[in-house]
Amino acid sequence: MAAQLDDLDRKILGTLQADAAQSLDEIAKKVGSSKTPVWNRIRKMREAGVIGQQTVLLDAEALGFEACFFVLIRTSAHEAGWQAKFLKALNERPEVMEAHRLAGDIDYILKVRVRTARAYDDFYQALISEVQIYNVTALLSMEEIKSTTMLPI
């Protein structure tokens, strides 16, 4: 069920999405309110699960992670035991930035960030040694055209 948000809540969320490191004073000023009501709304949105973990976005390429692969996985195994083993394997791999279970011909898609193509092969070999997979297709991203964490609130 979607949270009930008013215009001030949306302004606060937009301001936080742009820069969560801002001071409460800065946020209140930008949304046209005072600190106490803004703080109370932020607290309530955290409690409601609208605002989750706050973190810092790092530049992958600046840190040497120049290869981004989208990995399409098909499996012939769909039982709970296989899924648990697959989830465990993904959670143990810091290279996996995102993982989604899909509807359609492809069962899963992974976003994998590594330093080189050889590092991707190491990841791939380790994954298939732990979990039986029917088919894997890896697509190398040549250029990131758009990437955002901001929701259109």
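We use all heavy atoms of the structure for the numbers below, so side chains are in, but hydrogens, waters and symmetry mates are not. Starting from 1, each residue takes its place in the sequence as its number.
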A side-chain contact here means heavy atoms from C-beta on lying under 4.5 Å apart; do [X] and [Y] qualify?
X: Val136; Y: Leu72; value: no
X: Arg46; Y: Ile42; value: yes
X: Leu13; Y: Met45; value: yes
X: Gln17; Y: Ile153; value: yes
X: Glu61; Y: Glu144; value: no
X: Val71; Y: Thr137; value: no
X: Leu8; Y: Ser33; value: yes
X: Phe70; Y: Ser141; value: yes

Kindly say whether [Y] contributes a backbone atom to a donor-acceptor pair with the side chain of [X] at under 3.5 angstrom?
X: Gln125; Y: Asp122; result: no
X: Asp107; Y: Thr75; result: yes
X: Glu95; Y: Tyr120; result: no

Problem set entry | Within 45° cone and under 6.0 Å: Arg113 NZ/CZ vs Phe65 ring |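 Ring-cation test returns no.
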According to a hydrophobic-cluster definition based on side-chain heavy atoms being under 4.5 Å apart (Ile, Leu, Val, Met, Phe, Trp, Tyr only), do [X] and [Y] belong together?
X: Leu140; Y: Met97; value: no
X: Leu57; Y: Leu16; value: no
X: Val131; Y: Ile106; value: no
X: Leu102; Y: Leu90; value: no

Would you find more than 12 non-hydrogen atoms of other residues, nucleotides or ligands less than 6.0 Å from [X] atom [atom1]?
X: Glu92; atom1: CD; answer: yes
X: Gln4; atom1: CD; answer: no
X: Asp59; atom1: CG; answer: yes
X: Asn40; atom1: CG; answer: yes

[atom2] on [Y] to [atom1] on [X], rounded to 0.5 Å:
X: His100; Y: Lys111; atom1: NE2; atom2: NZ; value: 9.0 Å
X: Leu87; Y: Arg101; atom1: CG; atom2: CZ; value: 11.5 Å
X: Asp121; Y: Arg118; atom1: CG; atom2: CZ; value: 7.0 Å
X: Ile109; Y: Ile73; atom1: CD1; atom2: CD1; value: 9.5 Å
X: Leu139; Y: Met142; atom1: CG; atom2: CE; value: 12.0 Å
X: Leu5; Y: Arg41; atom1: CG; atom2: CZ; value: 9.5 Å

Mind listing the closest non-hydrogen atom pair of [X] and [Y] along with its distance?
X: Lys146; Y: Thr148; answer: CE-CG2, 4.0 Å
X: Tyr134; Y: Ser76; answer: CB-N, 3.8 Å
X: Ala18; Y: Met150; answer: N-CE, 4.0 Å
X: Ser34; Y: Ala28; answer: C-CB, 3.7 Å
X: Arg74; Y: Ile133; answer: O-CG2, 3.4 Å
X: Ala89; Y: Arg93; answer: O-CG, 3.0 Å

Exercise. Which is it for Lys30 and Asp25 under the salt bridge (charged side-chain N to carboxylate O under 4.0 Å, His left out) test, yes or no, and what are the steps along the way?
Worked result: CA-CA 9 Å; Lys30 286 181 180 176; Asp25 284 329; over 6 Å; no
Exercise. With a 6.0 Å cut-off on ring centres, are Tyr108 and Phe86 close enough?
Worked result: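 Under 6.0 Å, so yes.
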Problem set entry | Test applied, side-chain contact (heavy atoms from CB on, under 4.5 Å); reference residue, Val38; option that passes from Leu24, Asp9, Thr15 |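 Between Val38 and the candidates, side-chain contact (heavy atoms from CB on, under 4.5 Å) is satisfied uniquely by Leu24.
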